[in-house]
Participant: 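Okay, handing you the structure first.
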Amino acid sequence: MQGTGKAICLPSDIDTDLIIAGRYLRTKDRRIWAEHVFEDLDPKLAPRLAGAVIVAGKNFGCGSSREQAAIALKEAGVVAVVAPTFARIFFRNAINIGLPVIEADLACTEGKAVTFDLSAGWVDAGTGRKKVAPLSQRMLAIVQAGGLVPYWKVKR
Amino acid sequence: MGATIVEKIFSGKCGSTIRAGDVVMAPVDGAMIHDITGPLAIQKFYEMGGERVFNPRRIIMLFDHQIPADSIEAAKNHVYMRRFAAEQGIHNYDICEGVCHQVVMEKGHAAPGEIVVGADSHTCMYGATGAFATGIGSTDMGFVLKFGALYFRVPESIRAEVNGTFQPRVGAKDLILSIAADIGADGATYKAIEFCGDTIRNLNMAGRMTCCNMAIEMGAKAGIVAPDTITWDYLKGRREMTPFILNSDPDAKYEERRSYDVTKLEPQVATPHNVDQGVPVGKVAGTHIDQIFIGSCTNGRFEDFTEAAEVLGDRKFSDKVRVIIIPSSRDEYLKTLRAGLIEKFVTAGALVEAPSCGPCMGGAFGLLAPGEVSLSTSNRNFKGRQGSTEAFVYLCSPATAAASAITGEITDPREV
């Protein structure tokens, strides 16, 4: 499974409160989450996320278990998130909703194309292919299906 | 090779020898959903073709984050969940019982050797009973509601051995803030933290809950304390169970071993905007504060209010700060009330609210304006967590919060 997008560079320890603030958790409308994603980090970021690959520092998605964080990113058009490490609940949530997450420590240049192949296990931020641990067969199948719900429907 | 508690719990549940790193489908003994993540979990349950939940008696439902409904949207979420509970025959504690994690503990929904999941990151608190408990997202919860089981990657364990006796007015919260500063915000990602040693053995359940609650602040999947007489005593009247031994073997394989000595531990304060930015209180003493919050699943128990009241004595809270006190459950509220502490706090100038998450998540009330500073006994001080992104949140123990509430600035509880 391959993908590409322009890089958006973010620092370490981006928590789920920063991805989608608690005040937006009353609604079940995912367009509202997408509209307000990263609002507390940078209010101008949300409209730039369509077709983007987020390249972040360590511990991306730490904090709350809110799946709304992963959904907000996907809904805003984020193609994938690359970080040296992810908080585990976010990592699982991302897989479960079909948002590719790649564990890699990349030097990030804003706006530069980032290409990846989840099955083969590499990511390229314009400086050559960097090998990464490929997702397990099951995780890959879930992401390819678009998340655990569609995966489950097909499997059934 | 011996096994850790966590490996033993999974082996017991799966009926075979399970080791850290194994990926297993394990049955779940309890599943908790609340008003923030519950609606999405229920939606996922239906999307996966769910009709009946796996076992209504094993599902714990309550509302605590936005109660009483703080908006029409929140009210609609509550209605949606109430309907689901009625349709599925799930007992719903609704808005009156308290903060989810405290309610799970005091109603006996978590016990030694069990696997409990919750659609909330601080679910790891139930490890204080010797259960394996972990927070999950809404899709995973939808799956659990339907099947009563979930895939787990069995975590490696970090052994945190704590010894020594606390100085007066220093306790579990100071310990866990110092451990978080040591391990770091992601130092335990995917791992379980097993708390052990004499200090942990001497901690009451309230203190053990405070420690396990904050395991997630180091990225951990779970925090756990081996059950002992304190655990079994706590479970009496909450859960019919014959005590048994559940311990890590002496030759169990740990990812890492860390030791802590609390003898000289000073009161700790986590500075904005990360939980692992803990420093001895002296380093930030004198910092101006606008609001103090004593409560949350981390520190909203009777023991915490007793600690705060002891520091307060017969004094008044400073009129320079707003002091908000929120017991974490109806039971904790009643204990605090009957001991005369609610009256004491109100007389001293505090605002005492009914059990809820309160300002902790910044989703309902008690929000901060730009530039304001909060000192809180809760578990997170992320940017924007309690309101404005331009506000500052410091975390501390109930003793430090009470001392600071007297002076109106961050204060060492040993000096008031």
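Proteins get letters first, then strands, A, B, ... in listed order; numbering begins at 1 in each. None of the values given here were measured: they were computed from a predicted structure. Values below: every heavy atom of this structure, side chains too, minus hydrogens, waters and symmetry copies.
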Participant: I'd like to know which of B/His273, B/Gln66, B/Lys44 tops the heavy-atom pair count under 4.5 Å against chain A.
Facilitator: B/Gln66
Participant: Considering only heavy atoms, which portion of B/Ile36 lies under 4.5 Å from any heavy atom of chain A: side chain, backbone, both, or neither?
Facilitator: both
Participant: Does a donor on one side chain and an acceptor on the other come within less than 3.5 Å for A/Arg138 and B/Tyr151?
Facilitator: yes
Participant: Return the option, out of B/Val23, B/Thr139, B/Thr123, with the maximum number of heavy-atom pairs under 4.5 Å with chain A.
Facilitator: B/Thr139
Participant: Which answer fits B/Ala185, side chain, backbone, both or neither, if we ask what part of it has an atom under 4.5 Å from a heavy atom of chain A?
Facilitator: both
Participant: For the residue pair B/Phe45 and B/Phe84, categorise the inter-ring angle as parallel (less than 30°), tilted (30 to 60°) or perpendicular (more than 60°).
Facilitator: perpendicular
Participant: Find the one option among B/Glu390, B/Lys76, B/Glu73, B/His65 whose heavy-atom pairs under 4.5 Å with chain A are most numerous.
Facilitator: B/Glu73
Participant: Under 4.0 Å between a Lys/Arg side-chain N and an Asp/Glu carboxylate O for A/Asp124 and A/Arg129?
Facilitator: no
Participant: Any luck finding a side-chain donor-acceptor pair between A/Tyr24 and A/Glu35 under 3.5 Å?
Facilitator: no
Participant: Taking B/Asp64 for its side chain and B/Cys100 for its backbone only, find out whether a donor-acceptor pair lies under 3.5 Å.
Facilitator: yes
Participant: Please check if any side-chain donor atom of B/Thr134 sits under 3.5 Å from a side-chain acceptor atom of A/Arg88, or the reverse.
Facilitator: yes
Participant: Let's test your reading of the structure: which of B/Gln43, B/Glu217, B/Arg380 forms the most heavy-atom pairs below 4.5 Å with chain A?
Facilitator: B/Arg380
Participant: Counting only heavy atoms closer than 4.5 Å, note whether B/Ser138 contacts chain A via side chain, backbone, both or neither.
Facilitator: both
Participant: Which atoms of A/Asp40 come close to chain B, meaning under 4.5 Å heavy atom to heavy atom: side chain ones, backbone ones, both, or neither?
Facilitator: both
Participant: Can A/Asp117 and A/Gln2 be counted as having a side-chain donor-acceptor contact under 3.5 angstrom?
Facilitator: yes
Participant: So, B/Ser376 and B/Ser378: side-chain donor and acceptor under 3.5 Å apart, yes or no?
Facilitator: yes
Participant: Among A/Leu148, A/Asn59, A/Ile71, A/Thr16, single out the residue with the greatest number of heavy-atom pairs under 4.5 Å to chain B.
Facilitator: A/Asn59
Participant: So, B/Thr37 and A/Glu67: side-chain donor and acceptor under 3.5 Å apart, yes or no?
Facilitator: no
Participant: Using heavy-atom distances under 4.5 Å, tell me whether A/Asn96 contacts chain B through its side chain, its backbone, both, or neither.
Facilitator: both
Participant: Where on B/Ala364 is there a heavy atom nearer than 4.5 Å to chain A: the side chain, the backbone, both, or neither?
Facilitator: backbone
Participant: Measuring heavy-atom distances to chain B, does A/Thr85 have an atom under 4.5 Å in its side chain, in its backbone, in both, or in neither?
Facilitator: side chain
Participant: Any idea which of A/Ala21, A/Gly63, A/Ala87, A/Ser136 has the most non-hydrogen atom pairs under 4.5 angstrom with chain B?
Facilitator: A/Gly63
Participant: With a 4.5 angstrom heavy-atom cut-off, is it the side chain or the backbone of A/Phe90 that approaches chain B, or both, or neither?
Facilitator: neither
Participant: Against chain A, work out which of B/Asp35, B/Asp140, B/Asp70, B/Ile136 has the most heavy-atom pairs shorter than 4.5 Å and name it.
Facilitator: B/Asp140
Participant: B/His101 and B/Asn213: side-chain donor and acceptor closer than 3.5 Å?
Facilitator: no
Participant: Can you tell me which of A/Leu41, A/Asp15, A/Ile89 forms the most heavy-atom pairs within a distance under 4.5 Å of chain B?
Facilitator: A/Asp15
